[in-house]
There are 2 protein chains.
Amino acid sequence: MADVAPRRQPTLDEVAERAGVSRSVASRALNNAPHVSRAKREAVERAVRQLGYVPNPTARALATRQTGAAALVVSGEDPSIFADPFYAQVIVGASSALEEADLHLMLCLAASDRGRKRVRELFRSKGADGVMLMALREDDPLAAVAEEAEMPVVFGGRPVGSTPRWYVDVDNVGGAREATEYLVSRGRTRVAAICGRLDTEAGRARYRGYRDALLAAGLEPLPPQEGDFTEPSGAAAMAVLLAHHPDVDGVFAANDNMAAGALRTLRSAGRAVPADIAVVGFDDLTVAQVADPPLTTVHQPITALGREMARMLVAVVNGHDPTPLILPTRLVVRTSA
Amino acid sequence: MADVAPRRQPTLDEVAERAGVSRSVASRALNNAPHVSRAKREAVERAVRQLGYVPNPTARALATRQTGAAALVVSGEDPSIFADPFYAQVIVGASSALEEADLHLMLCLAASDRGRKRVRELFRSKGADGVMLMALREDDPLAAVAEEAEMPVVFGGRPVGSTPRWYVDVDNVGGAREATEYLVSRGRTRVAAICGRLDTEAGRARYRGYRDALLAAGLEPLPPQEGDFTEPSGAAAMAVLLAHHPDVDGVFAANDNMAAGALRTLRSAGRAVPADIAVVGFDDLTVAQVADPPLTTVHQPITALGREMARMLVAVVNGHDPTPLILPTRLVVRTSA
DNA sequence: CCTGATCTTGGGAGCGCTCCCACTGGAAGC
DNA sequence: GCTTCCAGTGGGAGCGCTCCCAAGATCAGG
């Protein structure tokens, strides 16, 4: 058995006693609220130092009805979705913004039924001061949970088919359009799309951008070749594309992972990139730089996405009503197109 | 201003009243503890359902002195360390194990001074039931914090220069040795090492494994060419290596990111891989599969690492004293060596 | 010197839950 | 028939904090 040190933490009452003041005064001094004389304030500070007092966050949470934590919920059918480096960057951004507001970050991967149930419980029990919700799919069970929740919810990316009150998104349509326009501007005329899951808003929006651009250029869009945002699915989609449309000379992939997969298929099929086929990705993750050839891709400000989500959530928690935010993308030209 | 729905949650007292029992009985029924008659148990369940009652986790935490949360703390000088997909996989594993124990996951990136201060506060205020601590460097300020903490701490990877009571690590020495032995077995005689930060135990251990293998084969190890586990640092290290030891015919990189960087440098230097130089990585992340040529690398069970850390922590929290764990690695042969 | 306004102060009532404990009544043991 | 035991029950005292409020202290203005 582990020997648990049973020494109890000092409480606010003990601090107060030691400082020769009442609990109320000690509490006020601690939260540097007004109505505390300089002398007592200092006495409290001294007692805190001597006793090594640290306030008990749980007790404070119970009294104030604020947990001091914000949750980041990532939906998905299986946990592997979270392995996408995308989320790590979101977390970096969110974490820094929450740090400023002195909130803790709870991370919930709502992949299993059990996980979803726990998220539901979290919502209903108000186990956090607010929630950032990402990666919702069409008919996602979490959508309803968020709906009925009496808790601030900020969406990362819009859910399919509805526009929530608070969200931060990236200009998916614009980014995809720009990427496709670029392919067209380089003289590509048979441009295909390897799109992401079409039960996600990002997947749909990026296909829409691709489609818009081709139509505007008087070219014919190909039907969506659907992947699931993973490298293997991109490789597979590229293989199908090559089989059905051997004359394709440009590919817009809805993210870098799938673009990397496409590159792999093209390599083994002996097609030169970008000479025979140009490839553009989306995200601008590390994989885009490491790929061979380095990927021309649509950069999206992922860390900023996380940061802004957290900031927006903090604003809502503090009683404000911020306006939704759509972050810009920009095309990063490398070698693949 | 956001309109906050002020409807209060039902409390246990209300459930008890509705069910016609005392608060004690209701509590026992809820936690399905013994000493509750079947009739009352059902009455309570009914009341819970009718009222839509959900227990208040904060109040429970205060009463039981258990927060119901475990923290994963990732140390580091700047947040970018967390962008490594490695941590995402650790989280997937930890999350699933914590889910089983019905604990929430708090994520703390202790990159800034502010972040470290908050972690310290977390430790001192017992803001979590236990902590998983990763990526400690030599003289890491968090080491002291963890030391004085009266809280279960499980380390992910050993810290430099000390062996904590509870940790889960990967067989870094063995993995590096196997990788290097493989290079030697393929006839490579001038094998260099691009090692990770030598102020981390993983960085040191992997270099040690490399060194051991060469010495055992009667070959001369080269001095460590230090990187920081990032792709650019691997590229830079490879460039230095090429300049100082033009005759190198094999490289062991301490992780896949750096191996990918090395590949990039070799490509632009016109060296063929593996014909001229063989390259082996470590981690077996997605990048290893996507790299060109696909990386031969040392696979480490990262998700299992996270899972076992969480399980170990749960064991400690429950008063047990589990023994440290060292997870095996295995060489995955692809094309680069 | 008195009145009212303002600042300090501490008592006490929660926040919503767990858990100890004293009490009941019926089954079991002698 | 009488203890003995124990499942079942509810009262009450916390857990450690915040915050309302009444009361005392201080100070200005008239």
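Order of the sequence lines sets the chain letters (A, B, ...), proteins ahead of strands, with each chain counted from 1.
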Handout entry: Heavy-atom pair with the smallest gap, counting every atom of B:Trp166 and B:Met312
Key = CB-SD, 4.0 Å
Fill in the blank from the handout: Note: for B:Pro34 and B:Leu62 on DNA chain D, the residue whose nearest nucleotide lies more 5' is B:Pro34
Exercise for the section: For A:Arg65, report the nucleic acid contact type (base, sugar-phosphate, nothing); a contact means any heavy atom under 4.0 Å. Expected result: sugar-phosphate
Practice task
Dump the intermediate steps for side chain to side chain contact (heavy atoms under 4.5 Å, CB included) on B:Asn318 and B:Val316, then the final yes or no.
Solution key: CA-CA 5 Å; B:Asn318 290 334; B:Val316 177; over 6 Å; no
Practice task
Take the protein atom CG of A:Asp13 and the nucleotide atom C1' of C:dG11, then report the distance between them rounded to whole Å.
Solution key: 12 Å
Exercise for the section: Have a look at A:Ser27 and tell me which of A:Val25, A:Asn31, A:Leu30 forms a side chain to side chain contact (heavy atoms under 4.5 Å, CB included) with it. Expected result: A:Asn31
Exercise for the section: Mind checking A:Ser37 for me? I need base, sugar-phosphate or nothing, with any heavy atom below 4.0 Å counting as a touch. Expected result: sugar-phosphate
Handout entry: A:Arg41 CZ to C:dC7 P, straight-line distance once rounded to whole Å
Key = 14 Å
Exercise for the section: Ignoring hydrogens and angles, tell me if any N or O in the side chain of A:Ser95 forms a donor-acceptor pair with the backbone of A:Val92 under 3.5 Å. Expected result: no
Problem - DNA chain D: 5'-most and 3'-most nucleotides touching chain B, 4.0 angstrom heavy-atom criterion - result: D:dA7 to D:dG16
Exercise for the section: May I ask you to say what A:Pro55 touches in the nucleic acid, namely base, sugar-phosphate or nothing, with a heavy-atom cut-off under 4.0 Å? Expected result: sugar-phosphate
Handout entry: B:Pro141 backbone acceptor or donor facing B:Arg116 side chain under 3.5 Å
Key = no
Handout entry: B:Glu150 backbone acceptor or donor facing B:Lys126 side chain under 3.5 Å
Key = yes
Exercise for the section: Starting from P on C:dT24, measure out to NE2 on B:His35 and report it in whole angstrom. Expected result: 18 Å
Exercise for the section: For B:Thr67 and B:Asp129, indicate whether the former's side chain and the latter's backbone hold a donor-acceptor pair under 3.5 Å. Expected result: yes
Exercise for the section: Using a 4.0 Å heavy-atom cut-off across all strands, classify A:Thr11 as base, sugar-phosphate, or nothing. Expected result: sugar-phosphate
Completion exercise
Output row for DNA chain C, stems defined as at least 3 consecutive Watson-Crick or G-U pairs under 3.5 Å, is C:1-30 with D:1-30
Practice task
Using a cut-off of strictly less than 4.0 Å, decide whether A:Ser22 has a side-chain nitrogen or oxygen near OP1 or OP2 of C:dG10.
Solution key: yes
Problem - Shortest non-hydrogen contact from A:Ala61 toward B:Thr58 - result: CB-CG2, 3.5 Å
Exercise for the section: Carefully, step by step, assess B:Glu121 and B:Arg118 under the rule salt bridge (charged side-chain N to carboxylate O under 4.0 Å, His left out). Expected result: CA-CA 5 Å; B:Glu121 214 74 343; B:Arg118 293 184 74 213; over 6 Å; no
